[in-house]
Amino acid sequence: MENKYNHFESKAVREQVERSQFREHSVPLYLTSSFVFDNAEQARALFNDEADGNIYTRFSNPNNTEFVEKMCLLEGTEDGYATASGMSAIFSSIAALLRSGDHILSSRALFGSTHQLFTEIFPKWGIETSYGDIDKPEAWESLITKHTKLIFIETPSNPGLDIIDLEWVGNLAKKHGLILVVDNCFATPYLQQPVKYGTHLVIHSATKYIDGQGRTIGGIVLGNKDLMDKIRFFCRHTGPSLSPFNSWILSKSLETLAIRMEKHCDNALRIAEYLDYHPELESVRYPFLPSHPQFELARKQMTHGGGILTFVVKGGLERAMSFLDNLKWLSLSANLGDTRTIVTHPTTTTHSKLTETERLAAGIKPGMVRISVGLENVNDILEDLEEALRATKLVEA
Ligand SMILES: *Cc1c(COP(=O)(O)O)cnc(C)c1O
């Protein structure tokens, strides 16, 4: 792909598949399950990877190609494949690359379904996972066995907002010849580009900030051509492809990713600063708050602190739930990365399938509340949070 523009925003706005004969400005939706061959020889060549072009939408489609090519430009990767969800991107990538007997080393703090995949589903096919703790980086090396093939991490993690040193984990993977996979969903390529530190595969739940408006489910995996060829082969024949309609939405959404992330991060920082040391809270966590244990590292590898913050209310689980019930208009929902601020109680919802011990090890306390800060006026968001804290007040003034 020739380099027509250098900056993130321009790539996100301008990258486009070839125009049709109608010279449309915005890319149309290609709702077609298959494509027509010029002749029998072209069909043969396409099926045998001797020519470029579309055959069938499970393999490729112009809308998917545009979304993938744009994401490649933004993450700095060679190649990619768009999947029906973030989970199908994670499942397909690992299932394509590992076999029975292989071992995964993963960060302990993970998205709930990823944790289920590693502990309940992959073991059915003889793929086992060990978990490394963020505060004991020296112990990770001792978890690597001769069967370890892949390191999987989330940074910042969901919902604990742990920050893993991408440079350190990149070097660890290189030293042991392992494939490094980073779930970059919370940061988006606007805040951090893991391939700069030796990451081999970058995965997104496009459902979150990439869509950014809570409309679609989607996912993508990005990486170098060698790994992507294996993943594409797996996906072509197992069928987790993203629908062209969702690709179209997601590619349009990327046009506003930079400006949305600026505002999400601005609002989140303002709220984190306001809530820090609030008498009704035990603690507040946000990567760009100096009280975050990895504040310096976050500042080193991220351009902004992200749109998610968590806090632990005084009074534990019951107080957390009554706090949620006292919010007037902020959304109680399980999604994140939406224009609308969403408040979640991880212990009883997204991470309820983990045991109490697993949750505590992943930093999820019963009183923890996760906020995905939206694009509303920050003062309105603060007022709803403050009033719900006041309505459930425990501490005497
Ligand atoms: C939501 C999420 C996923 C899963 O994505 P889906 O699109 O819901 O399948 C994976 N990782 C993280 C960090 C997420 O937040």
Side-chain angles (χ1 to χ4, degrees), residues 1-84 89 188-190 193 195 202 204 206 210-213 215-229 231-233 235-237 239-260:
M1 209 178 303
E2 67 176 308
N3 209 351
K4 297 155 273 193
Y5 19 68
N6 289 319
H7 294 95
F8 188 97
E9 297 86 341
S10 316
K11 293 173 188 173
V13 170
R14 284 281 167 176
E15 188 59 26
Q16 205 168 0
V17 286
E18 211 180 317
R19 289 207 166 90
S20 77
Q21 77 270 31
F22 298 117
R23 309 291 301 146
E24 68 280 348
H25 192 201
S26 173
V27 164
L29 187 48
Y30 290 95
L31 286 183
T32 177
S33 17
S34 68
F35 300 83
V36 185
F37 309 121
D38 291 341
N39 49 51
E41 166 50 27
Q42 196 216 10
R44 189 207 60 79
L46 281 170
F47 265 89
N48 289 282
D49 293 326
E50 289 167 26
D52 275 341
N54 296 301
I55 299 173
Y56 187 60
T57 287
R58 169 150 49 80
F59 305 169
S60 68
N61 172 290
N63 292 121
N64 296 41
T65 302
E66 178 178 292
F67 173 50
V68 168
E69 285 183 353
K70 206 184 264 188
M71 284 299 291
C72 284
L73 277 181
L74 302 183
E75 284 285 8
T77 50
E78 267 177 8
D79 201 356
Y81 188 86
T83 56
T188 81
Y190 189 63
Q193 290 145 358
V195 291
V202 178
H204 284 278
I210 308 262
D211 173 35
Q213 287 141 90
R215 300 166 296 188
T216 60
I217 300 285
I220 193 163
V221 49
L222 301 150
N224 68 33
K225 187 132 186 3
D226 277 358
L227 290 175
M228 282 314 308
D229 277 345
I231 294 169
R232 188 170 16 255
F233 171 82
C235 291
R236 261 189 174 212
H237 301 299
S241 49
L242 186 62
S243 86
F245 181 61
N246 285 0
S247 283
W248 178 83
I249 288 181
L250 293 168
S251 183
K252 291 304 279 181
S253 296
L254 284 172
E255 295 182 16
T256 56
L257 180 67
I259 197 162
R260 283 187 285 109

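Every value quoted in this text rests on a predicted model; they were computed, and no experiment measured them.
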Worksheet entry | Residue among T83, L242, L250 satisfying side-chain contact (heavy atoms from CB on, under 4.5 Å) with N64 |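 Among the candidates, only L242 passes.
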
Worksheet entry | Full working for side-chain contact (heavy atoms from CB on, under 4.5 Å) between E69 and Q16 | CA-CA 8 Å; E69 285 183 353; Q16 205 168 0; over 6 Å; no

Can you tell me how far the [atom1] atom of [X] sits from the [atom2] atom of [Y], to the nearest 0.5 Å?
X	Y	atom1	atom2	result
S243	I249	OG	CD1	7.5 Å
N63	L29	CG	CG	5.5 Å
D229	D79	CG	CG	6.5 Å
S241	Y56	OG	OH	9.0 Å
H204	I210	NE2	CD1	5.0 Å
S253	F67	OG	CZ	8.5 Å

Discussion item. For I259, is the CD1 atom crowded, meaning more than 12 foreign heavy atoms sit under 6.0 Å from it?
Written reply: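 No, because the 6.0 Å sphere around CD1 of I259 holds 12 heavy atoms or fewer from other groups.
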
Worksheet entry | Atom NE2 of H7 with >12 non-hydrogen neighbours under 6.0 angstrom |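 No - once you tally the heavy atoms of other residues, nucleotides and ligands closer than 6.0 Å, there are 12 at most.
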
Worksheet entry | Minimum heavy-atom distance between N54 and L46, given as atom pair plus value |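 Heavy-atom minimum between the residues: O-CD1, 4.1 Å.
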
Discussion item. I need the minimum non-hydrogen distance between Y81 and R236, along with the two atoms involved.
Written reply: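 Looks like OH-N, 4.5 Å.
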
Discussion item. One pair to check against side-chain contact (heavy atoms from CB on, under 4.5 Å): R19 and E24. What are the steps and the verdict?
Written reply: CA-CA 6 Å; R19 289 207 166 90; E24 68 280 348; 4.0 Å; yes

Discussion item. If only side-chain N and O atoms count, and only distance matters, is there a donor-acceptor pair under 3.5 Å linking T256 with R260?
Written reply: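 Yes, because at least one side-chain N or O of R260 sits under 3.5 Å from a partner of the opposite role on T256.
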
Worksheet item: Can any side-chain N or O of S247 pair as donor or acceptor with the backbone N or O of T65 at less than 3.5 Å?
Response: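 Checked: no pair found.
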
Worksheet entry | Donor-acceptor pair, side chain of E66 and main chain of P62, under 3.5 angstrom |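 Judged by distance alone, no pair lies under 3.5 Å.
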
Discussion item. Can you tell me how the ring of F245 sits relative to the ring of W248, calling it parallel under 30°, perpendicular over 60° and tilted otherwise?
Written reply: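 Plane angle under 30°, so parallel.
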
